[in-house]
A.B. asks: 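I am attaching a structure below and will ask some questions about it afterwards.
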Amino acid sequence: MSAYDTLNEPQKEAVFTTEGPVLILAGAGSGKTRALTHRIAYLVDELGVSPFNIMAITFTNKAAGEMKERVEKLVGIGSDAIWVTTFHSSCVRILRRFADKIGYDNNFSIYDSDDSKSLMKDVCKRLNIDTKQLKERTILAEISSAKNELITYGKYKVRVDGDFRKSKIADAYTMYQEALIKNNAMDFDDLIMNTVELLRNNEDVLNDYQKRFKYIMVDEYQDTNTAQFQLIRLLAGGYNNLCVVGDDDQSIYKFRGANIRNILDFEKYYLEAKVIRLEQNYRSSQNILDAANAVIANNEGRKEKKLWTDKGAGELIHLRMFDTAYEEAEYIATDVARKTRKGIINYGDCAVLYRTNAQSRLLEEKFVYEGIPYNVVGGVNFYSRREIKDVLAYLKTIDNAKDDLTVKRIINVPKRGIGNTSISKIQTYADENGISFFDACSVSSDIQGMGKTALKIEGFVNLISRLRAKMEIISLSQLVREVLEETSYIQEFDAESEEDAQNRIENIEELINKVIAFEEEHESATLSSFLEEVSLVADIDNIDESIPRALLMTLHSAKGLEFSHVYLAGMEDGLFPSYMTIMSDDSTEVEEERRLAYVGITRAKDDLTLCYSRSRMMRGEMQYNAISRFVKEIPKSLMDNRPPKPRVDEFSEPPAVSFSPLGKPKAVATKRVGTKTCNVGGLSSLDIVGISKGVASVENKSVGTKPDYDIGSRVNHVKFGDGTVTDLEPGPRDFKVTVDFDDVGTKVMYAAFARLKTID
DNA sequence: TAGTTGGGTTTTTTT
DNA sequence: AACCCAACTA
């Protein structure tokens, strides 16, 4: 009897195949983490490989932490020599040793997306880029994808090829990168790209790591981007003992540069690669698995897999439909409350998953009302909250005042009477003399025309020096308290008497707790090491599992997790899949959303509830969406389809067509109450378009002329495609036409804006 | 310099 | 609905 007897055959193969390239295609819930951890244990215990020679890479700190813990249990002493880290952390670890070889100081700082954005704003201003036409976001997204493809600004410039937009971006990329280097800072993408550059150009460093990492394992391989792929390829180049684990059906990070070809073509990159399939699912009931399989079967170009389980059919999947998102949230909250009251589950067994962070608000409201302990994962990252960033900016300035961006953030926080004019003057002086912003502040009395402001700036510089001196003699957490004390930062909130002042103070206290926890974990906790850890945490890393709570999070955050009871909220075309992907010419975009649906469904072990709301407030406008196509892809026989509550009011009419999960829902009658459009039963989707912007210009017009189509006509819309007119009525300003589009469901439009063309 | 206000803008997802 | 920014005012 050995530790490996509990594994199934393919899992054993995955564990025992240690030499050469290996691709483990691991379906959802097929025990891939088990296989990986046992593989590491096997290497150490049976083959006598030194833990020092093993590397395992994951995407989140949470996954890394869990793997570490499990390996420790199996291997015991010595396991901490294994590099079990995220891509970003391992790169930082390498760069902290060798960044000087590529033109950085080894104590470089790491920019988060907010920092990148502020820097880009600055760049655009200096380059006179009209940010109305070319947004900072767009430029940054373009730069990010370039970096994920290992395209430096030099290479980017060459590819501009006369394209005006691209040449602007190339300029911005160049100046942005130069500014980063000047500030001794790297953004997230730089961490990977710069490491690849370092390894490519420094054979000694590369050899060093190649010799060290005799065995490399990569988790969630389907979500690696080109830069990460090249990094792994370089590191594994010595022994070629590279084991990647992934599931192409769970590739959901294309927008972040993930290249699904990395997994699909692994066998082409490594011709001798051994492929192992883990297809037995240990997580979900057969019904849930069948549903997931049915949905994902609609994607093309997958690696064929057939997940199976020896668990029974289990509960039917629940489909619940609501008139409003409010009712949806209420149902989920009361359902969780009811189940826990009955003792069926604990709060910690439940998760509500949704497509967009904005959906958490309503749910939260109802969870509070029901008194359910819950945690929202994500949304605004803890470390990107204003008050936290402010305090951290003080700490960063104390640690390393080279970073102009950080210094500028706090030079007038709290208010010291140092305005934009003064800041510009200091910056100009710094530029002219080739010194940093902070160094310019130190000599503010030398700067022309500063007047009395020079004294205020001096006060700020003295404050930082004072704190810097104190840092030598007090602990990290004391230093944070000292910062708060010296700046009267918290008093500032009280004075403002903001409604969320209390919240902010709590967040700062939470930060102090995190500092204390860090001090307890690390014996020689330095300011730099704390700041580094903080810059690389993901939302999911912050879940506190000590108290059982229901979790609310996006589908993306839920990847890799499992729960007994899962609610998928907002199963609506237009939300999930989103309009962007439905409208896209690129059909692979909907396929990515479908993979996301697959991920969502397969999070559930025992019980899955799909929720759909006929109406929903999105970006300040009421949207009426059709039920998600992904729900329709699930065989009806797997679902307990409780019919929607009939709407009984004086305006209601019976639904025209009842719901059938396999067929296309047909539009039903609609009724207008005042200016609000209501849907009265059935599963139609209504969407008011074209009124938000255009109304004012139509205001003075008399009732529009009747269009040349009528109810029943087939029409074409430039964006929504072909459809059938189901309703046409004169409104106060123009005819309102309702069309059931073949692809995107029913929409209500003003005829003048719809510009429909009749077709045969 | 600081605070207010009105107008314009939102890719959904994140290390 | 929420956020950000420019313009304006005190």
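First the proteins, then the strands, lettered A, B, ... as listed; each starts at 1. This is a predicted model, so every value here is computed, not measured.
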A.B. asks: Considering heavy-atom distances to DNA chain B, does A:Gly419 or A:Arg137 have its closest nucleotide positioned more toward the 5' end?
C.D. replies: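 Mapping each residue to its closest nucleotide by heavy atoms, the 5'-most match is A:Gly419.
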A.B. asks: Among the nucleotides B:dT12, B:dT15, B:dT14, which one has an atom lying closest to any side-chain atom of A:Asn357?
C.D. replies: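 The closest nucleotide is B:dT14.
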A.B. asks: Nearest heavy atom decides the nucleotide; on that basis, is A:Glu593 or A:Lys132 closer to the 5' end of DNA chain B?
C.D. replies: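 Closest to the 5' end, via its nearest nucleotide, is A:Lys132.
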A.B. asks: Do A:Lys366's NZ or CZ and the ring of A:Tyr326 fall within the cation-pi criteria of under 6.0 Å and 45°?
C.D. replies: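 That pair qualifies as a cation-pi contact.
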A.B. asks: Which nucleotide, B:dT1, C:dC5, B:dT15, lies nearest any side-chain atom of A:Ser422?
C.D. replies: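 Among B:dT1, C:dC5, B:dT15, the one nearest the side chain of A:Ser422 is B:dT1.
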A.B. asks: Look only at the side chain of A:Asp115 and the backbone of A:Asp112, and say whether a donor-acceptor pair between them is shorter than 3.5 Å.
C.D. replies: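 Yes, because the side chain of A:Asp115 sits within donor-acceptor range (under 3.5 Å) of the backbone of A:Asp112.
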A.B. asks: State whether the side chain of A:Asn357 and the backbone N or O of A:Thr554 hold a donor-acceptor pair below 3.5 Å, judged by distance alone.
C.D. replies: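 Not at all, since once roles are kept as given, no pair shorter than 3.5 Å links the two residues.
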A.B. asks: Does A:Arg416 place a side-chain N or O at less than 4.0 Å from the phosphate oxygens OP1/OP2 of B:dT1?
C.D. replies: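 Checking A:Arg416 against B:dT1: no side-chain N or O falls below 4.0 Å of OP1 or OP2.
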A.B. asks: Could you check whether the side chain of A:Thr356 and the base of B:dT12 have a donor-acceptor pair of N or O atoms closer than 3.5 Å, going by distance alone?
C.D. replies: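 No pair found.
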A.B. asks: How far does the C1' atom of C:dA6 sit from the matching atom of B:dT11, given to the nearest Å?
C.D. replies: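 After rounding to an integer number of Å, I get 25 Å for this pair.
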A.B. asks: Please state whether the phosphate of B:dT11, meaning OP1 or OP2, lies under 4.0 angstrom from any side-chain nitrogen or oxygen of A:Ser578.
C.D. replies: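 Result: no.
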A.B. asks: Examine A:Lys514 relative to A:Phe382 and say whether NZ or CZ is less than 6.0 Å from the centre of the six-membered ring and inside a 45° cone about the ring axis.
C.D. replies: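 Judged by the rule (NZ or CZ under 6.0 Å from the ring centre, within 45° of its axis), A:Lys514 counts as positioned above A:Phe382.
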A.B. asks: Could you tell me how far apart A:Ile143 (CD1) and B:dT15 (P) are, to the nearest whole angstrom?
C.D. replies: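 The distance from CD1 of A:Ile143 to P of B:dT15 comes to 20 Å, rounded to the nearest Å.
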A.B. asks: May I ask you to evaluate whether A:Asn412 reaches the phosphate of B:dA2, defined as a side-chain N or O under 4.0 Å from OP1 or OP2?
C.D. replies: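 It does, given that an N or O in the side chain of A:Asn412 lies less than 4.0 Å from OP1 or OP2 of B:dA2.
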A.B. asks: Indicate yes or no for a side-chain donor-acceptor contact from A:Arg355 to the backbone of A:Leu575 under 3.5 Å, with no hydrogens or angles considered.
C.D. replies: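 Side chain of A:Arg355 to backbone of A:Leu575: no pair is present.
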A.B. asks: I need the CD-P distance between A:Glu136 and B:dT9, as an integer number of Å.
C.D. replies: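 Distance check: A:Glu136 CD to B:dT9 P gives 13 Å.
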A.B. asks: Side chain of A:Lys415: nearest nucleotide among B:dT15, B:dG3, B:dT13?
C.D. replies: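 Side chain of A:Lys415 sits closest to B:dG3.
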A.B. asks: Looking across every strand, which nucleic acid part, if any, lies under 4.0 Å from A:Thr554 by heavy atom: base, sugar-phosphate, or nothing?
C.D. replies: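 Sugar-phosphate, backbone atoms only, no base.
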A.B. asks: Figure out the CD/C1' separation between A:Glu621 and C:dA2, and round it to whole Å.
C.D. replies: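 The answer, rounded to whole Å, is 14 Å.
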A.B. asks: Rounded to the nearest angstrom, tell me the gap between atom CD in A:Gln623 and atom P in B:dT12.
C.D. replies: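 Roughly 12 Å, once rounded to whole Å.
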A.B. asks: For the side chain of A:Arg361, counting heavy atoms from C-beta on, which of B:dT11, B:dT1, C:dA2 is nearest?
C.D. replies: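 Taking heavy atoms from C-beta onward, the closest nucleotide is C:dA2.
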A.B. asks: Identify which nucleotide among B:dT15, B:dT13, B:dT1 has an atom closest to any side-chain atom of A:Thr421, counting heavy atoms from C-beta outward.
C.D. replies: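 Output: B:dT1.
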A.B. asks: Can you tell me if A:Phe255 is stacked onto the base of B:dT13, using a 5.5 Å centroid cut-off and an angle below 30°?
C.D. replies: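 Here A:Phe255 meets both the 5.5 Å and the 30° conditions.
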A.B. asks: Between atom NZ in A:Lys117 and atom C1' in C:dC4, what is the gap in whole Å?
C.D. replies: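 Answer to the nearest Å: 8 Å.
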A.B. asks: To the nearest Å, give me how far apart OH (A:Tyr253) and P (B:dT15) are.
C.D. replies: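 Taking OH of A:Tyr253 and P of B:dT15, I get 6 Å after rounding.
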A.B. asks: Could you state the CZ-C1' distance from A:Phe87 to B:dT14, rounded to the nearest angstrom?
C.D. replies: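 The distance from CZ of A:Phe87 to C1' of B:dT14 comes to 15 Å, rounded to the nearest Å.
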A.B. asks: Looking only at side-chain atoms of A:Phe188, point me to the closest of B:dT15, B:dT12, B:dG3.
C.D. replies: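 Closest nucleotide among those given: B:dT15.
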A.B. asks: Between B:dT1, B:dT11, B:dT15, which nucleotide gets closest to the side-chain atoms of A:Met580?
C.D. replies: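 The closest nucleotide is B:dT11.
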A.B. asks: Step by step, would you call A:Glu220 with A:Lys32 a salt bridge (charged side-chain N to carboxylate O under 4.0 Å, His left out)?
C.D. replies: CA-CA 10 Å; A:Glu220 305 283 11; A:Lys32 62 168 180 161; 3.4 Å; yes
A.B. asks: Give the rounded distance in Å between these two atoms: CD of A:Glu572 and P of B:dT12.
C.D. replies: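 The distance from CD of A:Glu572 to P of B:dT12 comes to 15 Å, rounded to the nearest Å.
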